[in-house]
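None of these values were measured; they are calculated from a predicted model.
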Amino acid sequence: MRNRDAGLGELGGDEQVLVEARRRAMRLAVALVKEPFTAGTLAALRTYLSQYAEGAHAAFVALQRQPEAALLQRIDELSGGTAGSRS
């Protein structure tokens, strides 16, 4: 599946899990700031923790175990080769 945010590359399983979890976490963070005490925010927090947080943590740990060179190469691939110009 092609990801619209991935540039020229496609996201792997762990990468996709992290992208989705981050999007959900950002929406949750906004809700916690704007409406921290509503039933909807509480439900969203519970859902995030019960359905997404553990998988996101596992995906993060898996990606962290990769060598730095492999991660940098992957970033370069996903950004369409523009990351390789960094010093």
Side-chain angles (χ1 to χ4, degrees):
M1 176 168 123
R2 184 108 173 135
N3 185 290
R4 69 177 188 268
D5 298 328
L8 300 176
E10 292 186 25
L11 295 180
D14 287 334
E15 296 163 342
Q16 186 67 40
V17 167
L18 288 173
V19 167
E20 291 301 320
R22 183 175 177 98
R23 286 182 181 151
R24 291 178 188 281
M26 291 298 291
R27 286 193 297 266
L28 179 57
V30 169
L32 286 167
V33 169
K34 290 176 120 181
E35 302 173 324
F37 308 113
T38 66
T41 298
L42 179 58
L45 178 58
R46 286 183 175 149
T47 298
Y48 184 82
L49 292 174
S50 68
Q51 295 182 16
Y52 303 104
E54 193 171 319
H57 177 71
F60 178 72
V61 168
L63 288 175
Q64 272 191 315
R65 290 184 179 141
Q66 294 185 18
E68 182 179 359
L71 292 172
L72 291 173
Q73 180 180 0
R74 185 67 178 135
I75 291 168
D76 192 53
E77 180 183 311
L78 290 171
S79 64
T82 59
S85 61
R86 294 184 293 175
S87 348

- Item | Atom pair CZ (Phe60) and CZ (Arg22), whose distance is rounded to the nearest 0.5 Å | 11.0 Å
- Task: Find out whether Val19 and Glu15 are in side-chain contact, i.e. whether some heavy atom of one side chain is under 4.5 Å from a heavy atom of the other.
- Result: no
- Query: Taking the side chain from Glu77 and the backbone from Arg74, do they hold a donor-acceptor pair closer than 3.5 Å?
  - Reply: no
Check residues 26-44 and write down every donor-acceptor pair under 3.5 Å in which the side-chain atom is one partner and the other belongs to a residue at least two apart or another chain.
| residue | atom | partner | partner atom | Å |
| --- | --- | --- | --- | --- |
| Thr38 | OG1 | Glu35 | O | 3.3 |
| Thr38 | OG1 | Thr41 | N | 3.2 |
| Thr38 | OG1 | Thr41 | OG1 | 3.0 |
| Thr41 | OG1 | Glu35 | O | 2.7 |

- Any chance you could measure Gln66, atom CD, to Gln73, atom CD, to the nearest 0.5 Å? 10.5 Å
- Query: Atom CZ of Arg65 and atom CG of Leu71: how far apart are they, to the nearest 0.5 Å?
  - Reply: 13.0 Å
- Item | Which residues share a side-chain hydrogen bond (donor to acceptor under 3.5 Å, both in side chains) with Tyr48, sequence neighbours left out | none
- Task: Verify the neighbour count for atom CD of Gln64: are there more than 12 heavy atoms of other residues, nucleotides or ligands below 6.0 Å?
- Result: yes
- Item | Path from Val17 to Leu11 over hydrophobic side-chain contacts below 4.5 Å | no
- Message: A side-chain contact here means heavy atoms from C-beta on lying under 4.5 Å apart; do Leu45 and Leu49 qualify?
- Response: yes
- Note on the structure: The side-chain hydrogen bond (donor to acceptor under 3.5 Å, both in side chains) partners of Thr47 (sequence neighbours excluded) come to none
- Non-hydrogen atoms of Ala56 and Leu18 that approach each other most closely: O-CD2, 3.3 Å
